[in-house]
Amino acid sequence: MGAVVRAEGLTKRYGRNRGIRDVDLEVDEGEVFGFLGPNGAGKTTTIRTLLDYLRPTSGRAEVFGMDSRKESVRIRERVGNLPGEFALEDRMSGEGLLRFFARLRGVGDLRYAHELAERLGADLGRPMRRLSRGNKQKIGLIQALFHRPPLLILDEPTGGLDPLVQEEFLKIVGETRAEGRTVFLSSHNLAEVEKICDRVGIIREGRLVSVETTGTLVNKAFRRVRMSFAGPVDPGPFRALPGVKDLQADRESLSFTLHDNLDEVIKLAARYELVNLEYERPSLEEIFLAYYDGEERRS
Amino acid sequence: MISDKAQETRKARRRHRRAAGRAGGGTLFALVLHALRSQLRSVIVWGLALGLLSVVTVASFPALEEQAPAINELLESYPPEMRELFGAGEGTDLTTIEGFLASQVFNFMAPLALAFFPILAASNAIAGAEERGTIDVLLGNPIPRWQLVWSSFVATALSLLGILGILGLATWGPAVALDVELSSAKTAEAVLNLWPLCAFFGGLAMLCSALFHRRLLAVAIPGAVLVASYFVNALGNTVEELEDARPFTAFYYYGSAIEDGIEWARFGGVTLAALLLVLLATLAFSRRDIYT
């Protein structure tokens, strides 16, 4: 499988500090790639540069092997895009908007659009000005999906959607992947990224700091450990072990985060009568926060 | 289920290949049609508002006709600068319906007011769409940026013709009904002559819309140029210091078509200037970032 999206040294500067710097990125065909970072980290700037809304200060990007700058129209023929901050013409209905976009794309059949509207519970008959934010978001999703593009670029796709609709959307993304199409989505909803993404890229202050498979990111992260003992336990030896952090103790129990060294922790615990052991994998959100925290301390 | 979906995906791929082969004429047509639809309500409102002015002017002419020589005399007593400013310069004869319409509608209110229609429409097309945030979704489609500029300009130019059609009917219709002698050809020339002038200011607004990201600037700059051009041209007839500046205003080439007919060379020149402004807008918009 080849790379559908490729960025090399992609840089976009607005002022002194904002924008993206030297972003090297590859998104493979058929994968769901999650682009993570807090607001202002550079997610939207990267997407807008890939789609030629913004012109790179330096570096280059290719989508389907085509230059993002010179062949943007041909790229957009093959991309369904949901912008992060968008608005729809107030007086138009969802149906009117989809018919207009279908004409622009040479799509004659709107059955899939109607199927998506039914699944997401979107009202296509009302003018946009009468729709809530969540309902506008649904129309935004449908206009990105209805022409079955080989690449979906979705900037914060579930913003404003209720949990049931979010679940349905994740199913649709799963079906998209099953059809061999590619999804590039930015989010700071880490739970949804964890559920659906094959790989994640973490962007921080305009720099892509890590790209991992979601599994690797989760597996190499810390674990939350809670131990209960039959009698009093001395926390000192546990605290001294490398890899043990944030230890909290009361007379007969310990809780801490474990970054490494599970074997020695278990051997030390075995010296006492252990009555309960909880070993929790953190959510991607906690991993992400820890990642940021660590980066900040290093810098 | 999956195989059905795989088939759909194959169909989609074929469609994308077909779309890639299309020259883009279809998208331009769809964009023009869309812009025309969204301007339809404005066309009716502007047409009726200016048409009402014309209806009232034509309807009041028979009553004023008998007193017209006295009004002409009164007008002669006004300072020439003031007469020029209100569209009744030297040579305008208020005893004729053509002169009366020129002074009340076609040389004053209509060009100054109607030029704001393309200014508002053109400023809305780029800077306005950026401010509202609608441009991102639209440009997610395979549309070259130049098509966004030209489709908006073409739609606005056609909408202008629609407004002018209503204005023409609202001028000629009452004249026929009230037995006022006004030829349909003169009326057609009078309304058509407004088109290049308004298109010019539309082109200027399009350029400002393409250069700046703010709609306010795309309205205020051409609006200020419009008013300043009118004053410079009108006063330049009588104020010697402004005379040399008149050829640099679009109003200089406007004339008074209802009295003298259209001067086609000037009509073509202003139209070309409008197209040049849109071309510059296309170049500017193609080179800049889009913010929402």
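All of these numbers come straight from a predicted model, not from anything done at the bench.
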For this session: Show your working on side-chain contact (heavy atoms from CB on, under 4.5 Å) between B:Asn141 and A:Arg76 and close with a plain yes or no.
Result: CA-CA 6 Å; B:Asn141 292 293; A:Arg76 279 178 279 141; over 6 Å; no
Exercise. Looking at A:Thr176, A:Ile153, A:Leu88, which one has more heavy-atom pairs under 4.5 Å with chain B than the rest?
Worked result: A:Leu88
For this session: Test A:Phe100 against B:Leu33 for side-chain contact (heavy atoms from CB on, under 4.5 Å), laying out the working first.
Result: CA-CA 10 Å; A:Phe100 173 41; B:Leu33 206 63; over 6 Å; no
Exercise. With a 4.5 Å heavy-atom cut-off, do A:Phe86 and B:Ile135 have their side chains touching?
Worked result: no
Exercise. Hey, what do you get for CE (A:Met128) to OG1 (B:Thr134), rounding to the nearest 0.5 Å?
Worked result: 11.5 Å
Exercise. Below 4.5 Å, heavy atoms only, C-beta onward: do B:Asp289 and A:Lys12 meet side chain to side chain?
Worked result: yes
Seminar exercise, completed: Interatomic distance, CZ@A:Arg99 vs NE2@B:His34, rounded to 0.5 Å, equals 15.0 Å
For this session: Would you mind reporting whether A:Arg91 and B:Arg41 have side-chain heavy atoms less than 4.5 Å apart?
Result: yes
Exercise. Side chain, backbone, both or neither: which part of B:Arg37 has an atom under 4.5 Å from a heavy atom of chain A?
Worked result: side chain
Problem set entry | Salt bridge flag under 4.0 Å for residues B:Asp136 and A:Arg48 | yes
Exercise. By a 4.5 Å heavy-atom criterion (distance strictly below it), what part of A:Leu54 contacts chain B: side chain, backbone, both, or neither?
Worked result: both
Exercise. Any side-chain heavy-atom pair from A:Leu104 and B:Ile143 closer than 4.5 angstrom?
Worked result: yes
Exercise. What distance separates B:Ser38 OG from A:Asp90 CG, expressed to the nearest 0.5 Å?
Worked result: 12.0 Å
Problem set entry | A:Glu89 versus chain B, the contacting section by heavy-atom distance below 4.5 Å | both
